[in-house]
Amino acid sequence: MTAETLDTEIIEIESGETTAGEEAGEGSEVQLAAEPAFVIGGFTVTNTMTATVFTTLLIIILAVAVRRKAGVIPSRLQVLFEEAFMMVYTQLDEAVGEKKARFIAPLIVTLFLFILISNQFLLLPFVGSIVTEHGNLFRTPTTDYSLTIALAIITMGAAHLIAFVASPLGHIGNYIRVKPLWQVITGKRPIGELFNAGIEIFLGVLEMLGDCIRVISLGTRLFGNLLAGEVVIIVISGLMFFTQFLIPIPFIILASFAGLIQAFVFTLLSTLFISNNLVHATGHHE
Amino acid sequence: MDAEMMKMLAAALAVAVGVTGPALGEGWIAAKTMESVSRNPEMSGKMFTNMLIGMAFVESLGVYCFLVALIILFVM
């Protein structure tokens, strides 16, 4: 009798534990990968993709609105856009000169505006609560690792392409540094510098490795900061029943501020990489 | 000690140990900025923005640790 009740109790406890574990697995809303929003003809559209398209449309509408009213006496919005452009342009102008700065600045300003607006997606009211049959319809675009790594690849690709077009030999010479070795072989340099020439080749390989790591760190920095902000808000609002209402507000402010700073940091770093590559390639060539 | 518990311990350690370095760094940045502002108060606006950007760089290291913890908990 007692043994039977004990057995049933144990079974109950075990089953209770398993359901609790399943609930913890399902109930946690922390998702690293983007969830599917809907399916069009076998192609799964994730919720970050819809949010990205939404952000792009928002930027286009803003740009058209600013362009229509642009004039010598600027409107408030125009001042904002001009400020964003000049912030990048003055930095580039100092580093690579006016002609190239005019060519490069639009790319970086576009990246800046896109990241700036998509980072503030959290602040749009009720947008995060629209639900389709698969899950949420919108999610902050920069919390998708695919997007941030794509932005990083675009930035570094542009950096290499611009430097390569400006000076092909100089740019490749920064990575495959056989010039000192060649000089030693042909006798332009003393044979004692053979060791230094070997080190130069090794430094070139390190430079290649460093560029691969730059792509990853640039993408992960943006992704991590934005995801951390969202996860903290989810955890805080899921803590207890009454923490959903006023307690997350400081954390939302913090996350939005971090998004703003990260947009600046991404812009600063991409400006730095592009101008650095360009200066290095052309300087090496001359 | 089963695998689930090891995961939790690993995630906790990843954040707890990994965050100490960036915390020290950020404190140092703030302290140095305070020092320079007290020496040169009219430059405080420019120093503040530079401090924030520097802090964002350091903070991203802490965020990497946070990401590793999240990956241990939810992906692995």
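Order of the sequence lines fixes the chain letters, A, B, ..., with proteins taken first and strands second; residue numbering starts at 1 for each chain.
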Checking A/S256 side chain against A/I252 main chain: does a donor-acceptor pair fall under 3.5 Å?
no
With a 4.5 angstrom heavy-atom cut-off, is it the side chain or the backbone of A/L222 that approaches chain B, or both, or neither?
neither
Under 3.5 Å, is there a donor-acceptor pair between the side chain of B/Y64 and the main chain of A/T220?
no
Of the backbone (N, CA, C, O) and the side chain (C-beta and beyond), which part of A/F266 lies under 4.5 Å from a heavy atom of chain B, both, or neither?
neither
For B/L61, which atoms come within 4.5 Å of any heavy atom of chain A: side chain, backbone, both, or neither?
neither
Hey, does B/S60 have a side-chain heavy atom less than 4.5 Å from the side chain of A/N225?
yes
So, the side chain of A/S118 versus the backbone of A/T142: is there a donor-acceptor pair under 3.5 Å, distance only?
no
What part of B/I53 gets within 4.5 angstrom of chain A, counting heavy atoms only: side chain, backbone, both, or neither?
both
